[in-house]
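Note that the structure is predicted; figures quoted are calculated from it, not measured.
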Amino acid sequence: MTEKNWRLISIVDLNDGQDFNNPCNADNIYTFTLGNKLYTHVGGDNCGDTESSSAVNWSFSADEKMISISGNDFVVSKLTEDSLVYKAI
């Protein structure tokens, strides 16, 4: 996960299927570091936001079945070389 950059594909409410994708995030790049920082690099389409990048803390549980991002815990339902899918608890 820390060996490459990631792009957000979708944010979907699993209860009702509502899609929360924001076109302003489509070209953002997300980088997970070994130092447990998650950097968001805002792409060219920032929809008027002046912030170009930000960082929050992240961590896995020992068995990598849970991920915590900025103090929010999620269940990891899929983690492969090309895909990270997680859902709110």
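Rounded to the nearest 0.5 Å, atoms CG (Leu38) and OG1 (Thr2) are 12.0 Å apart.
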Report all side-chain donor-acceptor pairs from residues 26-33 shorter than 3.5 Å, counting only partners two or more places apart or in another chain.
residue, atom, partner, partner atom, Å
Asp27, OD2, Gly44, N, 2.9
Asp27, OD2, Asp45, N, 2.9
Asn28, OD1, Gly43, N, 3.0
Asn28, ND2, Asn25, OD1, 3.4
Thr31, OG1, Asn5, OD1, 2.7
Thr33, OG1, Gly35, N, 3.3
Thr33, OG1, Lys37, N, 3.1
Thr33, OG1, Lys37, O, 3.2

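Annotation: ring-ring contact (aromatic ring centres under 6.0 Å, His included) contacts of Phe60 (sequence neighbours excluded): Trp58. Residues forming a side chain to side chain donor-acceptor pair (under 3.5 Å) with Ser68 (at least two apart in sequence, or on another chain): Asp73. For Asn36, the side chain to side chain donor-acceptor pair (under 3.5 Å) test picks out no residue, with sequence neighbours left out.
Applying the ring-ring contact (aromatic ring centres under 6.0 Å, His included) rule to pairs touching residues 65-84 yields Phe74-Tyr86, sequence neighbours excluded. Applying the salt bridge (charged side-chain N to carboxylate O under 4.0 Å, His left out) test to pairs two or more places apart or on separate chains, those with a residue in residues 76-89 are Lys4-Asp82.
Side-chain heavy atoms closer than 4.5 Å link hydrophobic residues (I, L, V, M, F, W, Y) into clusters, and following such links, possibly through other members, connects Leu8 to Ile69. There is a path of hydrophobic side-chain contacts, each under 4.5 Å, that joins Val56 to Val76.
The backbone N or O of Val85 sits less than 3.5 Å from a side-chain atom of Ser77, completing a donor-acceptor pair.
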- Message: Please evaluate residues Leu79 and Met1 with respect to the criterion side-chain contact (heavy atoms from CB on, under 4.5 Å), reporting the C-alpha separation (whole Å), side-chain torsions for both, the decisive distance (0.1 Å), and the verdict.
- Response: CA-CA 9 Å; Leu79 177 59; Met1 208 163 100; 3.9 Å; yes

